[in-house]
Peer 1: 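Quick one: structure below, then a few questions.
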There are 2 protein chains.
Amino acid sequence: MRAPRANSREKILAAAADVAREAGPGSLSLEAVASRAGVSKGGLLYNFPTKAKLMQGLVENYLRDFQKALEARTAEARHESALSAYIKLSADDCERPKPSASWIFSAIAEDPDFLAPIKAFKHQLLERLKEETSDLGSLLICFLAIEGLRSMNLFDSDVLSEDEHKLLVASLLKIAG
Amino acid sequence: MRAPRANSREKILAAAADVAREAGPGSLSLEAVASRAGVSKGGLLYNFPTKAKLMQGLVENYLRDFQKALEARTAEARHESALSAYIKLSADDCERPKPSASWIFSAIAEDPDFLAPIKAFKHQLLERLKEETSDLGSLLICFLAIEGLRSMNLFDSDVLSEDEHKLLVASLLKIAG
DNA sequence: CTTACTGTACCGGCTGGACGGTCTTGTCAA
DNA sequence: TTGACAAGACCGTCCAGCCGGTACAGTAAG
């Protein structure tokens with residue numbers, strides 16, 4: 001009665017994100033993830049020989065998806081700036097009230113250095129956006145405001161109403177030009 | 001060799017913040033905090049009968065300090081808006097590269113609900129700022145950009161250079177009017 | 001075709017250690 | 001005497017990582 005489809009890796013990664021979101025970042029144990037993924041602990045450890053490797057996999061997966069989504073957005077609308085695409089992507093990401101990435105807190109608790117790739121990615125993204133604009137001040141405001149939006153979503157903070165969210169996005173797009 | 005008359009409570013709170021910052025949020029154990037505070041475990045548990053109470057104390061302390069600082073800023077410069085005061089306060093808070101509040105991650109791992117008072121505070125602050133301005137769009141941008149700045153500081157992300165930081169603050173103050 | 005061998009993917013019990021919380025005993029100042 | 005701790009042994013629980021299996025796929029000799 002072995003599972004025919006092998007790709008346990010992705011199932012495990014998804015399960016880890018689910019557990020962190022639903023049971024809280026403090027409850028992300030290997031057993032919980034394995035159980036959620038329909039895999040034994042041994043099977044989990046086979047795919048990710050250590051918890052740190054699992055966290056690393058989570059980060060890499062996240063970054064890969066993010067980059068893919070960003071490329072798709074910028075490609076599908078050539079007439080607008082990359083900054084606008086980034087704003088819209090982030091607005092969509094943050095619209096639904098899914099923290100969706102609270103596993104990040106588990107990773108930080110494990111070791112803050114796990115965020116290094118994310119920081120590097122953000123830095124690289126900002127550099128790329130800088131090349132496209134002449135108004136650095138406006139770019140920084142937009143970039144940081146999006147960062148704020150993402151952090152609110154991450155912390156599951158619904159400080160903004162839906163109308164305010166839309167107004168914010170519209171205002172940002174106006175500034176971005 | 002007892003401490004003469006030092007309020008252990010504050011020492012413990014400060015020690016907890018220190019441990020989380022230096023050893024990482026995942027290493028914030030009662031023993032580590034007690035040792036750092038120069039207090040025995042028994043003494044710690046006398047002041048904070050449970051780890052949850054300690055986290056709660058951390059949050060309350062943080063909020064109290066924040067409100068005090070904000071009131072001081074707004075009071076000392078009556079001719080400028082509360083939003084400007086908030087921007088300047090946050091800029092100063094985030095300038096020095098001190099995460100200073102990574103204990104927040106420990107609190108989240110313990111129980112995400114510990115952030116509820118912080119969310120309420122933020123919401124209340126935004127409401128107060130809304131009453132002062134006519135341009136809601138600009139306010140939201142400033143508020144979120146500051147949130148972004150604070151999250152960068154929290155995650156110990158130095159994506160922005162010092163010059164960019166200054167430019168951002170100047171641009172925000174211009175928008176804030 | 002069959003037997004024997006090899007590697008892959010996974011199972012699940014176990015252990016050693018860390019941690020939160022309790023409890024007891026002691027100390028010293030007011 | 002009491003209140004505010006110090007000191008730390010102890011307990012129960014949780015959890016990461018380890019290890020000895022197991023099921024199956026391929027493969028290749030006989």
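In what follows, every chain begins at residue 1, and chains take the letters A, B, ... in the order their sequences are listed. Everything quoted here is computed from the prediction, not taken from an experiment.
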Peer 1: Take atom NZ of B/K51 and atom P of C/dG21, then tell me their distance rounded to the nearest Å.
Peer 2: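 The answer, rounded to whole Å, is 8 Å.
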Peer 1: Please figure out whether A/G26 or A/P49 has its closest DNA chain D nucleotide nearer the 5' end.
Peer 2: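 Nearer the 5' end of the strand: A/G26.
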Peer 1: What is the distance, rounded to the nearest whole Å, between atom CD of A/E31 and atom P of D/dG17?
Peer 2: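 Nearest whole value for this atom pair: 11 Å.
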Peer 1: Atom CG of A/N7 and atom C1' of C/dC10: how far apart are they, to the nearest Å?
Peer 2: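 These atoms are roughly 14 Å apart.
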Peer 1: If you check every side-chain atom of B/N47, which of C/dG21, C/dC11, D/dC5 has the closest atom?
Peer 2: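 That would be D/dC5.
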Peer 1: Can you tell me the distance, in whole Å, between the CG atom of A/L45 and the C1' atom of D/dC15?
Peer 2: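 In whole Å, D/dC15 C1' and A/L45 CG are 11 Å from each other.
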Peer 1: Nearest 0.5 angstrom please: B/L83 CG to B/R128 CZ, how far?
Peer 2: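 Between B/L83 CG and B/R128 CZ, I get 10.5 Å after rounding to 0.5 Å.
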Peer 1: Separation of A/K11 atom NZ from C/dA9 atom P, in whole Å?
Peer 2: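 Atom NZ in A/K11 sits about 14 Å away from atom P in C/dA9.
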Peer 1: In whole angstrom, give the distance that lies between atom CG of A/L44 and atom C1' of C/dA9.
Peer 2: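 In whole Å, C/dA9 C1' lies 13 Å from A/L44 CG.
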Peer 1: Which nucleotide, D/dA7, C/dC19, D/dC15, lies nearest any side-chain atom of B/S40?
Peer 2: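 Per side-chain heavy atoms of B/S40, the pick is D/dA7.
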Peer 1: Output the single nucleotide from C/dG21, C/dG12, D/dC5 whose closest atom is nearest the side chain of B/S8.
Peer 2: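 The closest nucleotide is D/dC5.
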Peer 1: Report the distance from atom CG of B/L54 to atom P of C/dC19, rounded to the nearest whole Å.
Peer 2: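 Atom CG in B/L54 sits about 15 Å away from atom P in C/dC19.
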Peer 1: At less than 4.0 Å, is any side-chain N or O atom of A/T50 found next to OP1 or OP2 of D/dA16? Yes or no.
Peer 2: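 Result: no.
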Peer 1: Please give, in whole Å, the distance from D/dC18 C1' to A/Y46 OH?
Peer 2: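 Going from OH in A/Y46 over to C1' in D/dC18 covers 16 Å.
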Peer 1: Do the side chains of B/L45 and B/V19 join up, straight or via other hydrophobic residues, at under 4.5 Å, putting them in one cluster?
Peer 2: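 The answer is no; the residues belong to distinct hydrophobic clusters.
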Peer 1: Nearest to the side chain of A/K41 - C/dG21, C/dT8, D/dA16?
Peer 2: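 Minimum distance to the A/K41 side chain belongs to D/dA16.
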